[in-house]
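So the structure is just underneath, and the comments pick up after that.
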Amino acid sequence: QVQLEESGGGLVQAGGSLRLSCAASGSIFSINAMGWYRQAPGKQRELVARITSGANANYADSVKGRFTISRDNAKNTVYLQMNSLKPEDTAVYYCNAEVDNIMVPGMEYWGKGTLVTVSS
């Protein structure tokens, strides 16, 4: 199976920065797209940023200009550089990957999440 392992979450003061990483492993032929989602307390999960294998990226309006998503296709790894963090960014951040394997194309997989806490 495919596994996604996130790292880089933690506690940071407002205005600070964090960099999240997510590495995919397992039965992978190719990864079409990878992204980051987040779920804040009492809120639904929402898209933060997404990037395709061709490096086309899109962002939620709330993070544009502050967050940058990138990926290393050779390592099946996606990153999220988060700058100018705000308390409103506090959430569990989840890695997502759309994966093609030999038998089943286009399956989505999720990481277990990493907690980001931004203090005021």
Side-chain angles (χ1 to χ4, degrees):
Q1 64 174 9
V2 175
Q3 295 180 346
L4 304 179
E5 297 184 355
E6 302 116 327
S7 62
L11 175 64
V12 65
Q13 294 185 17
S17 298
L18 287 173
R19 192 187 196 201
L20 305 183
S21 299
C22 174
S25 62
S27 182
I28 299 171
F29 179 76
S30 64
I31 300 179
N32 299 319
M34 300 185 77
W36 290 95
Y37 294 71
R38 68 187 181 187
Q39 187 167 19
K43 302 292 185 179
Q44 293 186 340
R45 187 176 298 186
E46 64 176 353
L47 174 69
V48 178
R50 183 177 181 270
I51 188 167
T52 69
S53 61
N56 293 319
N58 63 284
Y59 300 88
D61 289 341
S62 60
V63 307
K64 287 181 179 178
R66 300 188 297 120
F67 292 9
T68 302
I69 190 169
S70 61
R71 63 185 291 177
D72 185 335
N73 292 334
K75 296 181 178 180
N76 290 329
T77 300
V78 65
Y79 307 93
L80 185 67
Q81 178 67 45
M82 304 184 294
N83 298 326
S84 301
L85 283 162
K86 304 175 181 179
E88 304 90 85
D89 296 317
T90 296
V92 177
Y93 285 70
Y94 297 91
C95 180
N96 170 268
E98 181 184 330
V99 178
D100 290 340
N101 61 35
I102 295 175
M103 297 186 67
V104 182
M107 293 292 100
E108 290 194 352
Y109 296 87
W110 294 90
K112 295 180 180 179
T114 184
L115 177 63
V116 172
T117 302
V118 184
S119 63
S120 60

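Computed from heavy atoms alone, side chains included, the values below leave out hydrogens, waters and symmetry copies. The model shown is predicted, which means the values in this text are computed figures rather than measured ones. Along the sequence shown, the residues carry numbers beginning at 1.
- Linking ILVMFWY residues whenever their side-chain heavy atoms come closer than 4.5 Å, directly or via other members, leaves Tyr109 and Val92 in distinct clusters.
- The shortest non-hydrogen separation linking Arg66 to Ser62 is NH2-O, 2.9 Å.
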Just do the side-chain contact (heavy atoms from CB on, under 4.5 Å) check on Arg19 and Tyr79 with the steps written out, would you?
CA-CA 7 Å; Arg19 192 187 196 201; Tyr79 307 93; 3.7 Å; yes
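- One finds the OG atom of Ser120 at 14.0 Å from the NZ atom of Lys86 (value rounded to the nearest 0.5 Å).
- At least one side-chain heavy atom of Cys22 sits less than 4.5 Å from a side-chain heavy atom of Trp36.
- No salt bridge links Glu88 with Lys43; every basic N to acidic carboxylate O contact stays at or beyond 4.0 Å.
- Both Val104 and Ile28 sit in one connected hydrophobic cluster of ILVMFWY residues. Membership requires side-chain heavy atoms under 4.5 Å apart, directly or through other members.
- Judged purely by distance below 3.5 Å, without hydrogens or angles, the side chains of Asn32 and Ser53 never pair a donor atom with an acceptor atom.
- Under the 4.5 Å side-chain heavy-atom criterion for grouping Ile, Leu, Val, Met, Phe, Trp and Tyr, Leu115 is connected to Tyr37 within one hydrophobic cluster.
- Rounding to the nearest 0.5 Å gives a distance of 11.5 Å between CD of Gln1 and CG of Asn101.
- Met82 places none of its side-chain heavy atoms less than 4.5 Å from the side chain of Val12.
- How far CD of Gln81 is from OG of Ser21: 9.5 Å, rounded to the nearest 0.5 Å.
- Ion pairing of Lys64 with Asp61 is present here, as a side-chain N (NZ or NE/NH1/NH2) and a carboxylate O approach within less than 4.0 Å.
- Listed for the Thr52 side chain is no donor-acceptor partner under 3.5 Å among the backbone atoms of Ala33.
- The side-chain heavy atoms of Arg38 and Glu46, taken from C-beta on, include a pair separated by under 4.5 Å.
- Between Gly106 and Asp100, the shortest heavy-atom distance links the atoms N-OD1, 2.7 Å.
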Step-by-step side-chain contact (heavy atoms from CB on, under 4.5 Å) determination, Met107 to Val2
CA-CA 10 Å; Met107 293 292 100; Val2 175; over 6 Å; no
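- Across all their heavy atoms, Thr90 and Val118 have their closest contact at OG1-N, 2.9 Å.
- Cluster annotation: Tyr93 is connected to Ile51 through the hydrophobic network of ILVMFWY side chains, with a link wherever side-chain heavy atoms come within less than 4.5 Å.
- Atoms OG1 and CD, from Thr114 and Glu5 in turn, are 12.0 Å apart once rounded to the nearest 0.5 Å.
- With values rounded to the nearest 0.5 angstrom, Ile69 atom CD1 is found 6.5 Å from Tyr59 atom OH.
- Here CG of Leu47 is found 9.0 Å from CG of Asn96. Values are rounded to the nearest 0.5 Å.
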Walk me through it: do Val116 and Leu20 pass the test side-chain contact (heavy atoms from CB on, under 4.5 Å)?
CA-CA 9 Å; Val116 172; Leu20 305 183; 4.2 Å; yes
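- Of all non-hydrogen atoms in Val78 and Ser70, the two that sit nearest each other are CG2-O, 3.2 Å.
- Of all the heavy atoms in Ala97 and Leu4, the pair that sits closest is N-CD1, 3.8 Å.
- Between Cys95 and Trp110 there is no side-chain heavy-atom pair separated by less than 4.5 Å.
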